[in-house]
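These notes are about the structure you will find just below.
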Amino acid sequence: MKRITPLLAAMFGSSLLGVTAHAQDEYRIVDEPLELTIQMNHARYPVYDEEWPVEKEASALTGISLKNDTVGANMRTDENSGKTEALNLMLASGNIPDIVGSSRLKDFVNQYGPEGAFVPLNDLIEEHAPNIKAFLDERPEVRSAISAADGNMYYIPYLPDGKYGRAYFIRYDWLDTLGLDMPETVEEVEEVLRAFKTQDPNGNGEADEVPYFARQWPELIRLVTLWDGRSSGSDTYHDFYVDDGEIKHPYAGEGYRDGISNLARWYEEGLVDAEVFTRGSSAREYLLSENLGGMTHDWFASTSGYNRLSDSIEGFSFKAFAPPASVSGKRIEEHRRIPIKPDGWAIGHTNEHPVETIKYFDFYFTEKGRRLANFGAEGVQYDMIDGEPVFKDEVLNSDQPVNAQLWGVGAQLQARGFFQDYNYEKQWSNEFALEGIALYDEGDYLIDQFLGVAFTADEQKIYDRYWPSIRDYMLERQQGWILGNGDVMADWDDYMETINDMGLDDVLAVMNSAYKRQYD
Ligand code: CA
């Protein structure tokens with residue numbers, strides 16, 4: 001085991017050493033240095049890097065070092081399949097490291113934890129993790145959301161901070177050019193989109209404007225909320241939602257039906273991008289930089305960044321506006337950051353130091369540990385100014401995005417259980433994003449999220465048997481209706497009958513039994 005003091009002094013300079021030496025006792029977990037093995041699966045960091053500055057500082061403070069023992073790390077399949085494959089491979093190898101950190105860990109530990117592969121954390125947290133315990137006491141919905149069907153918690157999650165994700169964006173300068181007011185209702189949105197289509201706001205003499213566009217086509221379906229429908233209950237597209245304590249599916253509701261009917265009409269009229277289902281992720285970049293796109297629903301920070309186009313497009317102003325009122329007068333923003341992700345870390349069943357491990361997990365919920373997990377190393381990525389961590393200029397002004405720089409030093413890892421600090425992101429959000437967030441904050445438009453359920457083995461079987469084919473059918477019909485293949489109003493009764501015949505009621509029954517067990 002290395003004595004870290006001289007090494008850290010060399011790496012970080014003397015100012016950090018002072019902090020470290022002082023804090024060492026406060027955060028020390030073990031007298032003798034202890035090594036724990038870790039499997040880490042994430043598309044952005046497929047192994048745990050023992051050289052990360054964050055690992056080095058955590059080791060110096062706690063006395064515990066993590067040693068990479070990742071099975072399947074060299075499998076670079078696509079982002080979606082690779083991660084679960086690596087976990088399955090680890091399980092099949094019979095070698096579960098002391099700690100398993102991964103994206104999409106929740107369903108995995110909730111399935112194999114009760115079978116004995118992972119250590120239940122409830123008592124360990126109660127007895128040895130005062131900071132995690134305090135967090136869960138304050139946020140009981142987090143405790144419910146991470147509990148498995150047997151009532152035990154098997155992982156400590158990554159907990160995003162900051163409420164706001166997506167917002168409605170529109171060309172403010174086009175409204176000005178055409179002498180239009182900001183649309184406040186769904187009817188006014190339709191008038192504005194029609195004016196964008198027919199009145200040449202980009203001034204080139206052609207009807208080439210694309211009034212509503214989206215990088216992700218489900219952001220077109222999102223607009224059913226303007227007819228009191230729903231498109232998802234969480235930050236995952238097409239998810240179930242909670243309606244007055246009951247789990248429902250958005251694509252079986254009448255508001256959805258009415259919304260799809262109107263969106264099909266908008267599509268036919270050219271108010272929606274004709275290529276909305278196929279244009280893909282470059283839609284925003286292309287349609288804004290070509291001065292063609294009028295309105296979208298997308299992330300605050302990255303979308304606000306396009307105001308840099310005012311350098312090349314005179315007057316360009318693409319900013320957030322408040323959610324328009326629906327047909328019944330409701331203003332909601334359906335999308336928000338989910339407060340708990342299915343990512344995080346767990347303790348493998350052969351771990352001989354579960355108490356030390358939960359204390360180590362708890363370290364990242366202390367002020368010092370949380371700062372380390374969010375901002376990287378003091379004196380390297382950030383300095384403390386007036387008691388707050390502030391990124392160094394070279395971090396903020398680097399060509400590499402701030403979050404990517406932080407992954408590179410072992411901070412902001414979603415495969416680590418930690419509580420994100422939104423201030424980390426606020427420091428590099430532009431003024432238009434912050435202005436938009438303030439607008440949404442003032443209006444209080446966000447709605448509660450569905451935080452997911454943990455099935456028993458029997459419930460899981462029902463869900464797996466019926467749900468995938470129902471979902472495929474729903475999406476196929478949805479796209480068909482928008483494109484003019486069939487009329488949703490005429491087809492609706494047959495559609496509802498079909499999805500019920502396919503087992504929707506059974507799926508909803510297991511969703512609701514799991515939900516009530518977990519959250520009541
Ligand atoms: Ca034009």
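Note that the structure is a prediction, hence the values are computed from the model and not measured. Start at 1 and go down the list; that is how both ligands and their atoms are numbered.
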Centroid-centroid distance, Phe365 to Phe419, less than 6.0 Å: no
Partners meeting side-chain contact (heavy atoms from CB on, under 4.5 Å) with Asn262 (sequence neighbours left out): Trp227, Arg265
Does a side-chain N-to-carboxylate-O contact under 4.0 Å join [X] and [Y]?
| X | Y | value |
| --- | --- | --- |
| Asp235 | Arg336 | no |
| Glu219 | Arg215 | no |
| Lys319 | Glu435 | yes |

Protein N, O or S atoms lying under 3.0 Å from the Ca ion (ligand 1), listed by chain and number: Asp200 OD1, Asn202 OD1, Asn204 OD1, Glu206 O, Asp208 OD1, Glu209 OE1, Glu209 OE2
Aromatic ring pairing Tyr164/Tyr440, orientation class (parallel under 30°, perpendicular over 60°, tilted between): perpendicular
